[in-house]
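Quick notes on the structure that follows.
All residue numbers refer to positions in the sequence shown, counting from 1. Here the structure is a predicted model, which is why all the values come from computation and not from measurement. Indexing begins at 1, ligand by ligand and atom by atom, following the structure's order.
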Amino acid sequence: MIKMVGIIGVGHLAGYLVEGLKRASPDIEIILSPRNQERSRSLATKYNAIIAENNQEVANSTNLIILSTRPTDSIAIASNINFHQNHIVISVAAGLTIDQLKPVITPAAIIRALPISSSAINQSPTLIYPDNLQVRKLFSLLGEVLILPEETLFTTATVITAFYGWVYALMDEIINWTVHQGIQYDIAREYVLKTVDSSVKMSLVQSEHSLAAILGTLATEGGITAHGLNILKQKNGLNAWIEALEAVLDKLKNY
Ligand SMILES: NC(=O)c1ccc[n+]([C@@H]2O[C@H](COP(=O)([O-])OP(=O)(O)OC[C@H]3O[C@@H](n4cnc5c(N)ncnc54)[C@H](OP(=O)(O)O)[C@@H]3O)[C@@H](O)[C@H]2O)c1
């Protein structure tokens with residue numbers, strides 16, 4: 001059981017993590033860095049977390065630390081903290097490699113993790129590298145933990161956390177279109193989201209079939225699914241998603 005965790009960098013992600021951790025394990029002690037003051041105070045009040053005086057005090061309070069600062073800030077911030085060899089520092093910074101972090105975090109262990117915002121509702125599939133029992137236990141509180149065998153694959157998989165955001169954009173477009181056709185917003189929202197949810201559940205249940213095979217049973221010749229899919233392909237609608245994935249991968253490799 002994880003009794004205590006420190007978080008340095010109290011921004012959006014930290015908020016999701018605190019909410020999910022406290023729901024899964026109400027007694028877990030969470031020590032927050034003081035910046036940003038407004039956010040750390042509000043999280044401390046709402047979830048009974050403790051605010052440290054400074055980043056070093058977070059590290060002095062617990063061995064397990066999540067470094068949840070922006071990728072461009074993380075190295076400078078970590079270089080001002082003294083870690084010891086019993087520390088486990090979990091970096092959630094997209095694209096920052098263990099080799100980049102090593103000089104400022106040694107002699108502590110460095111683990112990369114990629115929780116997403118659904119941590120707040122304990123539904124985050126979280127990638128970690130390398131495997132670490134404490135880190136696995138921590139993120140198991142927030143959803144399913146997936147361990148990657150190689151760090152290079154971690155950067156590739158990170159792209160999917162951006163895709164997670166684009167799914168909201170796509171669903172929003174579809175909901176807005178449906179509303180524009182005259183269907184009430186609440187009904188449109190629920191109907192579109194539950195349709196997407198059911199497609200995900202069908203895909204997970206039918207794990208022996210590829211998604212292309214499942215789609216093949218839906219997009220029958222002359223039907224409406226095939227008709228719309230052809231237009232998406234003609235307009236490069238699906239290729240545009242691949243181009244976006246490639247662009248994000250390039251950006252991550254250049255952090
Ligand atoms: N958001 C997500 O869903 C998500 C998902 C996966 C991974 N990540 C990763 O998580 C990290 C944080 O992302 P985020 O979206 O939470 O960013 P964010 O909202 O900008 O949070 C970063 C926080 O770090 C604080 N900070 C800046 N300098 C600091 C310092 N010297 N000491 C302590 N804290 C400091 C910032 O305070 P100020 O506001 O005062 O500058 C801010 O509150 C990033 O590396 C990102 O790649 C995020």
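Counting protein heavy atoms only, atom 24 (O) of ligand 1 is closest to Gly9 CA, 3.6 Å. Closest to atom 41 (O) of ligand 1, if we only count protein heavy atoms, is Arg35 NH2, 2.9 Å. Of the protein's non-hydrogen atoms, the one nearest atom 29 (C) of ligand 1 is Ile77 CD1, 3.4 Å. Nearest protein neighbour of atom 7 (C) of ligand 1, counting heavy atoms only, is Val92 O, 3.4 Å. Scanning the protein for heavy atoms near atom 12 (C) of ligand 1, the closest one is Ser68 O, 3.2 Å. Closest to atom 19 (O) of ligand 1 among all protein heavy atoms lies His12 ND1, 2.7 Å. Nearest protein heavy-atom neighbour of atom 47 (O) of ligand 1: Ala94 N, 3.1 Å. Scanning the protein heavy atoms around atom 44 (C) of ligand 1, the nearest turns out to be Thr69 O, 3.3 Å.
Side-chain contact between Ile214 and Met202 is absent, with no heavy-atom pair separated by less than 4.5 Å. Taking the side chain as every heavy atom from C-beta outward, Met4 and Ile28 never approach each other to under 4.5 Å.
Of the N or O atoms in Ser74, none lie within a sub-3.5 Å distance of an N or O in ligand 1. Checked against a 3.5 angstrom limit, the closest N/O atoms of Tyr16 and ligand 1 fall outside it. Residue Arg70 places at least one N or O, backbone or side chain, under 3.5 Å from an N or O of ligand 1. Ligand 1 has a nitrogen or oxygen under 3.5 angstrom from a nitrogen or oxygen of Leu13. Below 3.5 Å of separation, one finds no N or O of Ile8 facing any N or O of ligand 1.
A donor and an acceptor atom, one from each side chain of Asn60 and Gln56, are located under 3.5 Å apart. Ser74 and Thr69 share a donor-acceptor pair across their side chains, judged by distance under 3.5 Å alone. Between the side chains of Tyr185 and Thr178, no donor-acceptor pair of N or O atoms lies under 3.5 Å.
In summary, the atoms of ligand 1 found under 4.0 Å from a heavy atom of Pro71, numbered by their order in the structure, are 44 (C), 45 (O), 47 (O). Of all atoms in ligand 1, listed by their number and element, those nearer than 4.0 Å to a heavy atom of Pro115 are 5 (C), 6 (C).
Only the backbone of Val10 comes within 4.0 Å of ligand 1, judged by heavy-atom distances.
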Checklist entry - Does the salt bridge (charged side-chain N to carboxylate O under 4.0 Å, His left out) test come out yes or no for Lys253 and Asp250, once each step is laid out? => result CA-CA 5 Å; Lys253 285 182 175 165; Asp250 273 355; 5.6 Å; no
Next on the checklist: Apply salt bridge (charged side-chain N to carboxylate O under 4.0 Å, His left out) to residues Lys3 and Glu29 and explain how you reach the verdict.
Outcome noted: CA-CA 6 Å; Lys3 291 190 173 152; Glu29 265 196 76; over 6 Å; no
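Ring orientation note: the planes of Phe83 and His87 are nearly perpendicular, at an angle over 60° on the 30°/60° scale.
Other residues, nucleotides and ligands place no more than 12 heavy atoms under 6.0 Å from the CD atom of Glu53.
Both Ile77 and Ile75 are part of a single hydrophobic cluster, where members link through side-chain heavy atoms under 4.5 Å apart.
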